[in-house]
Amino acid sequence: MFNNNRLRRLLRLAGCFLVILSMLAGCAGGGFGAASSPAASEQAELVWLMSTDPVKNKWQEKTVAEFGHTHPHIRIKLLNVPYEQFDQKLAALIASGNAPDIWNPNQADSGFATYLQMGALLDLSPYYENSKAEMNGLDVKMMDIYRVNGKLYGVPYISNATYFYYNKDLFDQAQLPYPPTNWDDTTWTFETMRDVARRLTLATDNPETHIYGVMHELSPNALSWAFGGDLLPADAYETGLIRKPNVVTAENTAAIRYFSELALTDGVSPSHQALSSAYTLGNPFLSGKIAMTITGGWGLRSYQSADFRWGVAAVPYHEGRQVPLYVDPWSISAATSHPDEAWEFVKFLTSPDGGAGSYMTDVGRTPAESGLLTQWYEATAAELDMDARDLKEVHEGALKYGRRADNHLIAYYPIILDTMNQSLGPVWNGTTSVEEGLADMQRNLESLHLE
Amino acid sequence: MNESRKDTVAFWLFVSPWVCGFALFSGEPLIASGLLSFTNYSLFAPPSFAGLDNYSALLNDALLAKSLKATLAYTLLAVPFHLVSTLALALLLHSAVVGQALLRTLYYLPSLVSGIAVALLWSSLMDPHSGFIHTFLSSVLGLKGPLLLQNPKSVIPSIVVMDLTSLGSTTLIFLAALQVLPAELFHAAKIDGAGRLKTLFKITLPLLSPVLLFNAVMDVISSLQVFTPAYIVTKGGPEWSSYFYVYYLFRAAFFQFDMGYASAMAWILLLLTFASICLIVALTRPFVYYENKPAASNKGGRRHVV
Amino acid sequence: MLFEANRTARFVRIGRSALRYSFLYAALGFICFPLLWMLSASLKSTAEIYRYPMRLLPAKPQWNNYVHIFEMAPLGRFLLNSFWYAGVTALATVAASSLAAYAFARLPARGSQVLMVLTLATLLLPGHATMIPQYLLFNELQWINSYLPLVIPAFAGSAYYILLIRQFYTGIPRELEDAVKIDGGGRLQIYTRIMLPLSVPPLVTSLLLEFIGRWNDLFSPLLYLNDERLYPVALGLTSFSSQYGATPWPHVMAASTIALLPLLLLFFLTQRYFLRDNPVVVFQKRSNSF
């Protein structure tokens, strides 16, 4: 038949072997586990949570080692979770009382406002008061972002701005001047940009040679901000909750109309659907087929692998224009059992000689600390083959016209964003008018019950 | 000890691992989720009693209706498609074909890839701008490819097509079932001059009916819980047309921090699935054959339910 | 006339075969296409991935991607972890499930119907709803950050396999059981001497399915394991990814391909136990049984 005796014996043997192995490993695994032996060390153990990223994780290990030299009585345990599942795992940890001690509440989708709403963050103001002298490099305006009702809930360590990126090779080919780095240059408007995009666009039937003028990676809200509008009511940014949405305004309509026309009527931008699905395998700007894009400061690092020359400039001018500013903080869990030690670590992480400095050089994000910024201008400008002063102009303009990103301040942001995206979907497809789409968004936002 | 007592003792001994495991590990979370459906639970603070609030909110939730519609649309399309494809494939692979062993392996190969990777691969293939399907269509056939995943009308059929890569396990189960079919029946049929189709419908299918029912029921259960395509590829879009029920549940639990509401949704789905299964089993009872007795004459009702 | 009829019959046969083969191979191409894509992506360079429109074949195959990935992350350890995790759970699950399946199929007892319904019910509740209560339970037991929450419950079996194997057991003729009873054997002997040997196809199928399911399982290990050294390969693959488009896709694809190979090997090795080339004459006595 099946030689079943031999098979069964083999299976039984394998089974016993593996069962024994599992017992051993299971016991050993349990030992790694949640309960750290209390009497074993005088050390305070802190759990530091970040999202999985090969570059960041190398920096993490280096930072923990450095911190260990000067603070031998504090042991930092790394906990890294893939970005996609970050909020889920964090929710499970918090629900079971195992919240990590230090983490960046803006790391994933849920954002600072959500965790603040839930009471998950520790009030850092008493600690900051005592350490103010040491931390004088941190911009007051940035610290204020994380000050709510007079209490401080996070200390900023990076400040990603929003820039206008452009493909220098394509500009050279079309013999067009590069966009300005001065944010107050009123000749560089969205209309001028549309013109430039038209001249850069090469519409052919062959996808290999088709060039688009412009794309963007802005959320619907950020699009409205660019035109001086706002899809969400002003008080929502204070309270974190959306009480009375007022979506259909002149500025919002103008903004959404402009960006939808870029794809639908002007043909200078790939369709929304095409762009969103292109992201599954990488960044469309990197393909070299799109001449200009508007996106956050992380592009400076991500675009380094491009095989064409590119630069950064000011986002086109518009009355009331604002761009998102992504300032990420380190926060301490309200449930931590070692607040003092955790604060020591946060201080180290945000100090220019400690974590913040090495983060800038190793991971490459824009620092929040003013002393580091000068260094950063020099280093980054050299990489970009541009003048450090021009880069400074671009960045400072972004800060001047920058506004705290909504995903950090609005609670339940993923749901809000969902609603906004789904409502605008038909507008981007051209199957609904801009007015209808925005009215639909108004209705959908009103019907959300989020507390 | 008489026979039936021996049977009873043996029964409980044999199911003891299952019962113990259930009692220890599955039972409590199951009951807990039921209880949670009557509370407000944000995960950050202990649950607080909320009576029937969650259930009454469910009844008024427009998004819930949309998600139910999307899930049902998917299930009604996917289950017949899966069953027909896997059965056809199993039948084809069961008969003697040159390169049979290799073919079987190759067919099963895609199911070995994790569902997440497959979803990503398909979505990039279906990308209307640079995806291979559209490039192929336009460069070789000169056609402009349709928007597959981005059009609310075609997104669900596209997701069903994406399922093709993960049908390996069901095919395998059918193949295993085909193995244990008695050969004499088929020989006898051939001698009697039965053609291929007749053999198929009068012998093979009836003999396979219990496994068919099993696969159908399992497929309905998993289709009603469809989640990965929305989670990885469509994010519930476009225009909520693929905002599946379990995807909504997931968002409610982990992004709206409303575990109570999510639990209520889960239990409603459980009741719905259970009702669907009872319906399917009842409707197919005259067609399912156990031990060669027509189902109508099966002793006892529930015992041979699945 | 007979000669002509033969010739027509032959053409029809060839035509049917040709149809069958072309359908099989065409369908194969379609189904395997994403995999070919994955393989080709694994041999491209990072810049070439972003190239659009995409080409199927890489311009210059980067074989050293496959070497690189072992340097980028402890892929070897991930594979080992996966191997014993999937192996132990598959064996435990199928063993326990077949025991329960026999009970449901052949041992009448009071309460068995209720238990069957409860068994089915465990499949009906979406996992996300029980995720948190389950996590809290294992937290109480202090099993977090180990494989215990993943492996120990496997020793109870799984509703899916219980029901699957039960389906097969109900088809085994009772006369065979009577034969064992006449010889003085009890229920256990019936189980080991009749049920198990006759159900090798579904048993091996279940083993294979469970092994593959566990091998590719991402969410449960993600939830319960904090220490990277414990990660199975499905979770380990995520350590290659990055948030802002800097994911080294060719390497992720290469690692995914490597992760696939043990499964392929397992499939090859176990194939002959559940995929025979001809239907087997199993039951001599009765002429019809399933």
Side-chain angles (χ1 to χ4, degrees), chain B residues 7-8 10-11 14-15 17-18 21 25-26 28-30 32-33 92 104-110 112-114 117-118 121-122 130 132 135 164-165 169 172-173 175-176 179-185 207 210-211 214 221 225 246 249-250 253 259 262-263 266 269-270 273-274 290 292 302 306, chain C residues 20 24 28 31-32 34-35 37-38 52-54 96 99-100 102-103 107-109 112-113 115 122-126 128-130 132-134 137 153 155-157 163-164 167 170 187 201-202 205 209 212 216 218 234 256 260 263-264 267 274-277 279-283 287-290:
Chain B
D7 273 343
T8 310
F11 175 83
F14 272 86
V15 297
W18 171 241
F25 304 115
S26 314
E28 194 265 338
L30 215 74
S33 85
L92 276 169
R104 281 183 186 146
T105 314
L106 288 177
Y107 263 103
Y108 193 67
L109 188 56
L112 300 176
V113 185
S114 88
V118 166
L121 286 165
W122 273 110
S130 57
F132 193 78
T135 322
L164 275 175
T165 23
S169 11
L172 219 60
I173 292 175
L175 266 174
Q179 293 308 346
V180 296
L181 293 188
E184 317 93 56
L185 264 184
L207 285 176
V211 171
F214 174 82
I221 294 176
Q225 293 184 23
V246 175
L249 197 160
F250 172 75
M259 196 72 216
S263 306
L269 184 67
L270 185 148
T273 317
F274 191 73
Y290 292 96
N292 199 43
R302 274 298 181 69
V306 177
Chain C
R20 196 197 300 167
L24 268 177
L28 182 71
I31 289 177
C32 280
L35 245 117
W37 200 254
M38 182 171 108
Y52 114 30
M54 299 251 213
L99 285 171
Y102 171 60
L107 299 174
S112 78
Q113 292 176 26
L115 196 61
T122 58
L123 294 172
L124 302 183
L125 203 67
H128 302 289
T130 49
I132 294 287
Q134 216 155 36
L137 173 68
F155 282 88
L163 293 172
L164 174 65
Q167 283 300 85
T170 55
R187 308 287 179 296
T205 308
L209 288 178
I212 292 169
N216 286 330
L218 173 65
S256 306
L260 203 57
L263 296 180
L264 208 57
F267 188 80
F274 59 90
L275 293 180
R276 276 305 204 81
D277 292 330
V280 169
V281 178
V282 175
F283 312 125
S287 61
N288 37 23
S289 41
F290 179 65

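So that the names make sense, note that chain A is the first sequence line, chain B the second, and so on, each numbered from 1.
Taking every heavy atom of both residues into account, C/Ala129 and B/Leu249 meet most closely at N-CD2, 4.4 Å. Between C/His128 and B/Met259, the shortest heavy-atom distance links the atoms O-CE, 3.8 Å. Here the closest heavy-atom approach between residue C/Thr205 and residue B/Ala176 is recorded as OG1-CB, 3.8 Å. Taking every heavy atom of both residues into account, C/Gln134 and B/Phe25 meet most closely at NE2-O, 3.7 Å.
Among residues two or more places apart in sequence or in another chain, the side-chain hydrogen bond (donor to acceptor under 3.5 Å, both in side chains) test is passed with B/Ser33 by B/Trp267. Applying the ring pair (Phe, Tyr, Trp, His ring centres under 6.0 Å) criterion to B/Phe14, with sequence neighbours excluded, gives C/Tyr102, C/Tyr191.
Of the inter-residue distances, the one linking C/Leu164 atom CG with B/Phe214 atom CZ reads 4.0 Å to the nearest 0.5 angstrom. C/Ile212 CD1 to B/Leu172 CG: the interatomic distance, rounded to the nearest 0.5 Å, is 8.0 Å. Here CD of B/Gln225 is found 7.5 Å from CG of C/Leu125. Values are rounded to the nearest 0.5 Å. In this structure, the separation between CG on C/Leu115 and CZ on B/Phe11 is 5.0 Å, given to the nearest 0.5 Å. Between atom CG of residue B/Leu269 and atom CG of residue C/Leu124 there is a gap of 8.0 Å, rounded to the nearest 0.5 Å.
Heavy-atom distances place both the backbone and the side chain of B/Leu30 under 4.5 Å from chain C. Proximity to chain B is absent for every atom of C/Ser256, based on heavy atoms less than 4.5 angstrom apart. Of the atoms belonging to C/Ile132, it is side-chain heavy atoms, and not backbone ones, that fall under 4.5 Å from chain B.
Note on B/Ala10, B/Ala32, B/Ala262, B/Gly21: by heavy-atom pairs under 4.5 Å with chain C, the leading option is B/Ala10. Your options are B/Thr273, B/Leu270, B/Thr8, and the one with the most heavy-atom pairs under 4.5 Å with chain C is B/Leu270. Per-residue counts of heavy-atom pairs under 4.5 Å with chain B were compared for C/Ala96, C/Ala234, C/Gly157, C/Pro153; the largest is that of C/Pro153. Put simply, of B/Ser26, B/Ala266, B/Pro29, B/Ser169, the one with the most heavy-atom pairs under 4.5 Å next to chain C is B/Pro29.
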ask   = Run the side-chain contact (heavy atoms from CB on, under 4.5 Å) check on B/Ile173 and C/Leu209 step by step: do they pass?
value = CA-CA 10 Å; B/Ile173 292 175; C/Leu209 288 178; 4.2 Å; yes
